[in-house]
Structure formats: C-alpha cells, structure tokens
Engineer: 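Right, I'll just put the structure down here and ask away after.
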Amino acid sequence: QVQLVESGGGSVQAGGSLRLSCAASGRNFRNYAMGWFRQAPGKEREFVATINWSGIITNYADSVKGRFTISRDKAENTVYLQMNSLKPEDTADYYCAANTRRSGTSVGGYDYWGQGTQVTVSS
C-alpha cells in the first residue's frame, strides 16, 4: 500500500513559480514510477509529467514542456514538480500518483493517488 500527500499549492500571479511536493509512504515506493496530473473545474483529469523509478527518464505534456520539471528524492521518499512561468491556464487541482508497473501518461495506468493540492494562477 502507498499513501501520497501533496503540498505546495497556492495562488500566484502569471509568470510566477510554485514547487509542489508529494510525500510518499510505502515499502515499495522507490520502485514505482510517479506522475503528476491536474484537473481544472469542469474538465477531465490530464497528464502533466511522469518520472520513472530511477529518476532518469521523464516525460511531459506539451503544454508544460520547458516550464515544469519533475524530480524525485528517493532518500526522502518525495516527488517534486517545479512549476515556472505559470499561466492562468495552469489553474487546477494537482494530483500525485504512483504506477506500480511503469511510467505512463494515462490516468488509468496509475494505482495510487493523493488527495490533490490546488494551484491558482491569476492574470
């Protein structure tokens, strides 16, 4: 079993930065791929970024490529999402998720989810 707790959300003006954290607990966490997803009001949950178990391979949605960076600290059992040059369209609830098989972009491929943290970007 894996438990995920996100933090670091908040309100920021366009062009600003935030760093989201996802603290994980669970025996096999270090072997899992991790992902960040987001869901804006009235929209479906969408892929943002993913990182494989070793932290070497990452993948990003086109909408955030070059602005967001996903990383993981295995010693701290934590995954981060550094978000720079934020835009109003980045406003959403952001969710951390764990994939026990391999990294991917599909919501359905992830087995464990956090409760989410809200990000609001004003123009």
Engineer: Taking all non-hydrogen atoms of both residues into account, name the closest pair between L18 and V12 and its distance.
Structural biologist: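 Of all heavy-atom pairs spanning L18 and V12, the closest is CD1-CG1, 4.1 Å.
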
Engineer: What heavy-atom pair brings I51 and S71 nearest, and what distance separates the two atoms?
Structural biologist: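 Closest heavy-atom pair between I51 and S71: CD1-CA, 3.7 Å.
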
Engineer: Once side chain to side chain contact (heavy atoms under 4.5 Å, CB included) is applied, do any residues pair with A14, and if so which ones, sequence neighbours excluded?
Structural biologist: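 Only P88, V121 meet the side chain to side chain contact (heavy atoms under 4.5 Å, CB included) criterion with A14.
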
Engineer: Tell me which pairs pass disulfide (SG to SG under 2.5 Å) where either residue lies in residues 37-72, with sequence neighbours left out.
Structural biologist: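 Every pair satisfying disulfide (SG to SG under 2.5 Å) with a residue in residues 37-72: there are none.
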
Engineer: Within a radius of less than 6.0 Å around CD of Q3, do more than 12 heavy atoms belonging to other residues, nucleotides or ligands occur?
Structural biologist: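 No, because the 6.0 Å sphere around CD of Q3 holds 12 heavy atoms or fewer from other groups.
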
Engineer: What pairs with D73 under salt bridge (charged side-chain N to carboxylate O under 4.0 Å, His left out), at least two apart in sequence or on another chain?
Structural biologist: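 For D73, no residue satisfies salt bridge (charged side-chain N to carboxylate O under 4.0 Å, His left out) once neighbours in sequence are set aside.
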
Engineer: Using every non-hydrogen atom in the two residues, find where T91 and A40 come nearest and quote the distance to one decimal.
Structural biologist: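 Looking at all heavy atoms of both residues, the closest pair is O-CB, 3.7 Å.
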
Engineer: Indicate yes or no: does D93 engage R45 in a salt bridge with an N to O separation below 4.0 Å.
Structural biologist: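 Result for this pair is no, no salt bridge flagged.
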
Engineer: Is there a side-chain contact between R19 and L81 in this structure, where contact means two heavy atoms from C-beta onward sitting under 4.5 Å apart?
Structural biologist: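 They are not in contact (no side-chain heavy atoms under 4.5 Å apart), so the answer is no.
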
Engineer: Is the terminal nitrogen or CZ of R72 (NZ for Lys, CZ for Arg) located under 6.0 angstrom from the six-membered ring centre of W53 and within 45° of that ring's axis?
Structural biologist: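 No - R72 does not lie over the ring of W53 by the 6.0 Å and 45° rule.
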
Engineer: Does I57 sit in a hydrophobic cluster with other residues, and if so which ones, taking ILVMFWY side chains as linked at heavy-atom separations under 4.5 Å, directly or through other members?
Structural biologist: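 ILVMFWY cluster around I57 also holds I56.
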
Engineer: Identify, with sequence neighbours excluded, every residue that meets salt bridge (charged side-chain N to carboxylate O under 4.0 Å, His left out) alongside K65.
Structural biologist: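 Salt bridge (charged side-chain N to carboxylate O under 4.0 Å, His left out) list for K65, sorted by chain: D62.
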
Engineer: Apply side chain to side chain donor-acceptor pair (under 3.5 Å) to residues T100 and D111 and explain how you reach the verdict.
Structural biologist: CA-CA 7 Å; T100 60; D111 305 286; 2.9 Å; yes

Engineer: Check the pair V48, F68 against side chain to side chain contact (heavy atoms under 4.5 Å, CB included), reporting the backbone distance first and the verdict last.
Structural biologist: CA-CA 9 Å; V48 175; F68 291 11; 3.7 Å; yes

Engineer: For the backbone of G109 and the side chain of N99, can you confirm whether one donor and one acceptor N or O come within less than 3.5 Å of each other?
Structural biologist: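 Judged by distance alone, yes, a pair lies under 3.5 Å.
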
Engineer: Does the side chain of Y110 come under 3.5 Å of the side chain of T50 through a donor N or O and an acceptor N or O?
Structural biologist: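 Indeed, the side chains of Y110 and T50 share at least one donor-acceptor pair under 3.5 Å.
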
Engineer: Would the distance check show the side chain of T120 and the main-chain N or O of S11 forming a donor-acceptor pair, the cut-off being under 3.5 Å?
Structural biologist: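 A pair under 3.5 Å: no.
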
Engineer: Is the shortest side-chain heavy-atom distance between S17 and M83 below 4.5 Å?
Structural biologist: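 Sidechains of M83 and S17: no contact.
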
Engineer: Report, as yes or no, whether the 6.0 Å neighbourhood of atom CD on E89 holds more than 12 heavy atoms from other residues, nucleotides or ligands.
Structural biologist: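 Result for CD/E89: enclosed.
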
Engineer: Side-chain polar contacts of residues 29-38 - donor-acceptor pairs under 3.5 angstrom, sequence neighbours left out - could you list them?
Structural biologist:
residue: R30; atom: NE; partner: K74; partner atom: O; Å: 3.3
residue: R30; atom: NH2; partner: K74; partner atom: O; Å: 3.4
residue: R38; atom: NE; partner: E46; partner atom: OE2; Å: 2.7
residue: R38; atom: NH1; partner: D90; partner atom: OD1; Å: 2.9
residue: R38; atom: NH1; partner: Y94; partner atom: OH; Å: 2.9
residue: R38; atom: NH2; partner: E46; partner atom: OE2; Å: 3.3
residue: R38; atom: NH2; partner: S63; partner atom: OG; Å: 3.4

Engineer: Quick one: are Y60 and T105 in side-chain contact, heavy atoms under 4.5 Å?
Structural biologist: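 Counting from C-beta outward, Y60 and T105 never come under 4.5 Å.
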
Engineer: Could you measure the distance from the CD atom of Q13 to the OG atom of S122? Nearest 0.5 Å is fine.
Structural biologist: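 Result: 5.0 Å between the selected atoms.
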
Engineer: Determine yes or no for a side-chain-to-main-chain donor-acceptor pair under 3.5 angstrom, with E6 supplying the side chain and L20 the backbone.
Structural biologist: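 The answer is no, because no donor-acceptor pair under 3.5 Å joins these two groups.
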
Engineer: Given side chain to side chain contact (heavy atoms under 4.5 Å, CB included), test L4 with Y95 step by step and report yes or no.
Structural biologist: CA-CA 9 Å; L4 305 172; Y95 297 87; over 6 Å; no

Engineer: State yes or no: do Y112 and I70 share one hydrophobic cluster built from I, L, V, M, F, W and Y residues joined by side-chain heavy-atom distances below 4.5 Å, directly or via other members?
Structural biologist: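 Yes: a chain of side-chain contacts under 4.5 Å links Y112 to I70.
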
